[in-house]
Amino acid sequence: MEPYDHTKIEAKWQKRWEEEGRYEFDEKSSKPKYYLLVEFPYPSGEGLHTGHVRSYTALDIVARKRRMEGKNVLYPIGWDAFGLPTENYAIKTKTPPAVVTRENTDNFRRQLKSLGLSFDWSREVNTTDPAYYKWTQWIFLQFFKKGLAYKKKTLINWCVDCKIGLANEEVVDGACERCGGSTEKREKEQWMLAITKYADRLHDDLDTVDYEERIKIQQRNWIGRSEGAEISFQLVASGFQKNLKAKTKKLPAIKVFTTRPDTLFGATYMVLAPDHEIIENLKSEIKNWDEVVRYIVVTKKKTEIERTAEGKEKTGVRLEGVTAINPANKEEIPVYVADYVLKEYGTGAIMAVPAHDKRDFEFAAKYGLPVRIVIEPVTGTPLENEEKRTSIVALVYDPKKKKVLTLDWGKALGGRLFIGGGLEEGESPEAAARREIREETGYVNLKLVAVSEKIHHHYFAHSKKVARAIEATGLHFELLDDAKEETSLEANEKFKVEWVDPEEAGRTVADELHHFVFNKFMRHELYSCHEEGGILADSGTFTGLSSEAAKKKITEFVGGNMKVTYKLRDWVFSRQRYWGEPIPLVFCEHCEQCHKKLKEISNFQFPISEKESKIKNSKLKIEASEGELLNPGWVPVPESELPLELPEVGVYTPTDSGESPLSKVKNWVETTCPKCGGTAVRETDTMPQWAGSSWYYLRYIDPHNDNALADKKKLEHMMPVDWYNGGMEHTTLHLLYSRFWHKFLYDIGAVPHSEPYRKRTSHGMILAEGGEKMSKSKGNVVNPDAIVETYGADTLRLYEMFMGPFEQAVAWSEKSIVGPRRFLERVFKMAGKAKDGARDSELEGTLHRAIKKVGEDVERMRFNTAVSEFMILANEMDAREAIGKGEFETFLKLLAPFAPHAAEELWARLGHKTSVHDEAWPAYDEAKLKRAMIKIAVQVNGKVRAEIEVSAEAPESEVKARALAEPKVAAHLAGKEPARVIYVPGRLVSVVT
RNA sequence: GGGCGAGUAGCCGAAUUGGUAUAGGCGCGCGGCUUAGAACCGCGUUCCGCAAGGAGUGUGGGUUCAAGUCCCACCUCGCCCACCA
């Protein structure tokens, strides 16, 4: 047998497969389709990354397995080639980005092909190809025409280095996501896409798709839907309550949004965002107007960085002369402006409940505002037949020793606790606490420092063997001196009195209630925010209700309404850059004037539908889409003129004013208006990188179509994508954006399904050796080329699948690669042992179990255990003198998706003229999975004492009898009769005395 | 501060979802083969103990005949988001 020469073998088969066109998708096939998608790479100058290899190999394995299962598989690849690194490189070297892109894609293609990935290379797409971005532009025009693209002057994040506007999502810790440079706020007219109009559908439709749960959670968090209430607070001139009869000016009411209407009785002040419009209207009422204006001006100047750099210190100014009425209890409460309230979220105004919101608490503490507790916490789990009680938990702290007093009741009675006990008839909580402390520990000289709110606690009292529901009060004492009285004898026996370090106590106190009290007093969690299961206090007729029930009732009571809000913002779609899709719009002053006049005359409301607008404007003989009405003067480039190609420019640097380099190409910018024929100028902003990747999966289906983004019938047949795998870093932005585009395309009838991806999974990052991120600057990037050269593509594929759980981050380890390599060498040596007629029933069982395991592992993306199963199987086969040829062939079929070249080579060496990849995926025989004899563990009181071997069919009674007959079992029973004997079929026997 | 996830051998990690903890790989040790080395093959490899036995999955509790797995609390690390009411 020839040795394993990976270079020769891999080159040979890659060439053969390519000549055969074996992985090109066959549109005429009658087999059921299966569409597998991986995130297409950004072809950077650094070349392929080990992370690409991980994701692409994983779905390559799925693709190859699906083909063996009789599916017609589409597994395409392409290039997401617009983007900053290429452009920055072009600026530096004065090379056209298109040239750089071609060089990089050539390199990537070579690298991907060297891995034996079964991509259909005939369907390659490239986002920078005019034939491709023609349709990116077309989609943008549809957004525009439907009024979902609009120009808006906004404060944008501006990267000083890149000279580019960034979406909020692209600013990380106040720095630019791409270059890491500092950012500032700048005002700029930007094209926006109204993704918020799709917020509810993007949220709700997650229920209809099969995404990993963590991905759904991240998407939902990003959309940030929160249900709450809008409640109106009437503003009045201060002193309203006292002068009820006196005439007071009628001031406006202010709507606030809150997720916690149940805490309304605890609202002790109100806060407006500094840019809230109403402030201006209140000018005449506000006595300290100058101060308020000064504050507003200062906060406006602050950039986001300055605001965060300042730390958590809250600032604000009270509006003197204006107060608000709390609609729940009619109390008059002060009104503040403060920058911790955001204009963009909710209504830009809040009711502040310092007792149950951390930010409100901080603010209240600084400005001396009242804190009113209206929610009492609930701890523990309710049990049956609870006995009701009122009791206390006393936390005694010795400031000299810096220790807290605990009682150790031992394991059986509930571990370490503070001092606790019930109230006696007519006793106050303080008196009860002092009594309990004296009785249990003897200490008598104590100072009461603080008292908690009532805590509703459910627990099982081990000492009395009874379930209890108690209303407990926490009391915080400080020890004044060591004076002690004698304690009861009973107390001395039951528990140990110990002074322990607070840290230690916080870690080891066993009971939830005691933890709560500890956190309150020792960790100074003075406010308490009990989202779930709290009980209302001090809230009028609502006192005693649960938080959950009170939300709706209180909202109704004050005439508010339940409302849904989202965190998601509209998408800033303009970039002041060269290397992106030109936005196909022109600006025409003449048309702008027309629209202004039109607006005056017809007095219509925005937005109105396209149809409606046509009718309304017919008299004026003007046809306009919603986009034009929304953005006066902006006219779309006719679809017949697409693609609007990027012109050649000599210099790629953005202008100092922040405009795209395109603005300097005079003969491109100056054009005629497609609508009125007058002079017009082109939009010089380009689209963000996310644009091209928002629909590429559609183009793969029909990559050369010049009449539509893809043929409808083909879309109907191929969509949705059956399985999409990509990085966790794209689960919020790319995934959400592309779902948004797809839903829009569905709405305008361009695609036949409302969700693009049926199933989405995510792989974990590959870290450098030592657990750090791989990065060029750290010089720890692993180049797949080197690994392929020394060990071979199959070894690299196996290693990356084996290195750890697919969905988790794992560190690269050069040393460990030899494991999979040795495995393959062993398989090559073993091939010589494969003989006709060498049958082995024991091996057959192992083989069938492996078929089952490997198959299931691939479906669940547990590639690491699948590879481990291969190793076990190989070890077992290799331990024999001879292996049945059929069994070895089955093994090769299982291995084929993972190590396609090695499997193909050995398959050929066995004398086959056809490809192993054309074989059917092996099926396992349920009957052969079972073992004849099984090992059963025997436990005595939870400890394994013996192991017996019994027939798999042995009845329960026999197994139990055998177990009890074991000498070691008998010895540990020590003559006692077993109280119970439990048999878990095929697993163990548990004997309990 | 919030959300999500993770903590198992010297290291990467398994554990059929509550049923014999540590499979597989790396590393290490011993032995074989070899002039020698590499490669390869075999055996061993959680800790304490001569053994019987005992301890053991970040920490403290709980539920259970039985807990790495479920519940409560805490600690540490990672990722994502953060003045989102």
Side-chain angles (χ1 to χ4, degrees), chain A residues 169 172-173 213-214 217-218 220-222 224 226 228 256-260 263 271 307-308 312 314 338-342 344-353 357-360 362-363 379-381 411 414-416 460 462 503-504 506-512 514-516 518-519 565-567 728-729 731-732 764-765 771 799 802-805 807-811 813 815-820 822-823 825-826 829 853 856 862 864-865 867-872 875 878 935-944 946-947 978-982 984-993:
Chain A
E169 295 95 72
V172 179
D173 284 334
E213 199 50 38
R214 57 183 179 148
I217 289 167
Q218 275 206 23
R220 289 205 183 98
N221 286 348
W222 191 264
S226 57
V256 304
F257 175 76
T258 176
T259 53
R260 297 295 306 276
T263 64
V271 186
R307 262 162 80 168
T308 34
K312 305 233 161 178
K314 299 238 173 337
D339 65 4
Y340 81 93
V341 172
L342 306 176
E344 306 85 52
Y345 187 78
T347 60
I350 62 155
M351 63 180 216
V353 186
D357 182 278
K358 179 154 204 231
R359 292 150 302 170
D360 295 345
E362 283 169 5
F363 191 83
T379 54
T381 348
K411 271 207 162 190
R416 171 167 288 156
F460 189 82
H462 288 275
E503 268 299 298
E504 170 80 5
R507 235 183 11 254
T508 57
V509 160
D511 182 275
E512 264 186 83
H514 291 245
H515 264 289
F516 184 91
F518 178 84
N519 285 341
T565 355
Y566 298 93
K567 272 199 262 186
M728 212 55 199
E729 68 273 22
T731 48
T732 41
M765 248 192 306
Y799 171 65
F802 183 58
M803 61 195 301
E807 72 288 347
Q808 271 174 44
V810 236
S813 165
K815 257 188 189 171
S816 300
I817 300 173
V818 300
R822 283 177 194 158
F823 161 76
E825 282 171 4
R826 170 177 277 219
K829 269 199 254 164
K853 173 110 178 98
E856 287 172 358
R862 309 189 44 156
N864 55 333
T865 50
V867 175
S868 138
E869 188 68 18
F870 284 134
M871 291 172 170
I872 294 169
N875 288 346
D878 201 22
K935 285 173 181 164
I936 302 281
V938 186
Q939 294 184 340
V940 180
N941 290 330
K943 290 211 167 98
V944 179
E947 191 178 79
R980 278 172 79 186
V981 181
I982 296 153
V984 184
R987 300 253 153 237
L988 55 68
V989 176
S990 183
V991 185
V992 190
T993 59

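Worth saying up front: this structure is predicted, and the values here are computed from it rather than measured. Protein chains get the first letters and strands the later ones, always in sequence-line order, with residue 1 at the start of each.
In this structure, A:N221 has no side-chain hydrogen bond (donor to acceptor under 3.5 Å, both in side chains) partners at least two apart in sequence or on a different chain. For A:R822, there are no salt bridge (Lys or Arg N to Asp or Glu O under 4.0 Å) partners at least two apart in sequence or on another chain. A:E825 is linked by a salt bridge (Lys or Arg N to Asp or Glu O under 4.0 Å) to A:R821, counting only residues two or more places apart in sequence or in another chain. A:P805 pairs by the side-chain contact (heavy atoms from CB on, under 4.5 Å) definition with A:E807, A:Q808, A:N864, not counting sequence neighbours. Scanning for side-chain contact (heavy atoms from CB on, under 4.5 Å) contacts around A:K935 gives A:E947, A:E949, with sequence neighbours left out. Partners of A:Y799 by ring-ring contact (aromatic ring centres under 6.0 Å, His included), not counting sequence neighbours, listed by chain and number: A:W812. Among residues two or more places apart in sequence or in another chain, the ring-ring contact (aromatic ring centres under 6.0 Å, His included) test is passed with A:F363 by A:Y269, A:Y336, A:Y340, A:Y367. Under the ring-ring contact (aromatic ring centres under 6.0 Å, His included) criterion, A:F802 pairs with no residue, sequence neighbours left out. Contacts of A:T865 classified as side-chain contact (heavy atoms from CB on, under 4.5 Å), with partners at least two apart in sequence or in another chain: A:K853, A:D857, A:R862.
Between the NE2 atom of A:H514 and the P atom of B:G62 there is a distance of 14 Å, given to the nearest Å. Regarding A:E856, its CD atom lies at a distance of 15 Å from the C1' atom of B:A15, rounded to whole Å. Nucleotide B:G61 holds its P atom 14 Å from the CG atom of A:D511, rounded to whole Å.
Residue contacts for A:E512: at a heavy-atom cut-off of 4.0 Å it reaches the sugar-phosphate backbone alone, with no base atom in range. A:I982 comes within 4.0 angstrom of a base, heavy atoms only. Contact annotation for A:N941: no contact, since no heavy-atom pair falls under 4.0 Å across all strands. Nucleic acid contact class of A:N875 (heavy atoms, under 4.0 Å, all strands): sugar-phosphate only. Residue-level contact check: A:P805 touches the backbone only, with heavy atoms under 4.0 Å from sugar-phosphate atoms and none from bases. Within the nucleic acid shown, A:K935 comes within 4.0 Å of at least one base atom, counting heavy atoms only. Residue contacts shown for A:V984 include a base, since a base heavy atom lies under 4.0 Å away.
Looking at A:K314, its side chain comes within 3.5 Å of the base of B:C83 through a donor and an acceptor atom.
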Check nucleotides 42-49 of chain B against the protein and report each pair of N or O atoms closer than 3.5 Å, with its distance, or say if there are none.
none

Table of protein N/O atoms under 3.5 Å from nucleotides 26-28 of chain B N/O atoms:
unit_1 : atom_1 : unit_2 : atom_2 : d
B:C26  : OP1    : A:R822 : NH1    : 2.6
B:G27  : OP2    : A:R822 : NH1    : 3.4

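Taking only side-chain nitrogens and oxygens, A:R416 never comes nearer than 4.0 Å to OP1 or OP2 of B:C74. Here A:N519 reaches the OP1 or OP2 of B:C74: one of its side-chain N or O atoms lies under 4.0 Å away. Dashed line: the shortest gap from a side-chain N or O of A:R214 to OP1 or OP2 of B:C4 is not under 4.0 Å.
Across the P atoms, B:G68 and B:C81 are found 36 Å apart, a figure rounded to whole Å. Spacing between B:G31 and B:G37 at atom P, rounded to whole Å, works out to 12 Å. When the P atom is used for both B:A9 and B:U69, the distance is 15 Å, rounded to whole Å. The same atom, C1', is picked in B:C40 and in B:U34; the two are 11 Å apart, to the nearest Å.
Taking all atoms of both residues into account, the shortest heavy-atom contact from A:G986 to A:I936 is C-CD1, 3.7 Å. Across all non-hydrogen atoms, the minimal contact from A:R980 to A:I982 is NH2-CD1, 3.7 Å.
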> Along nucleotides 53-58 of chain B, 5' to 3', which nucleotides get a B, which get an S, and which get a -, given that the test is a protein heavy-atom distance under 4.0 Å?
Replying inline: -SS---
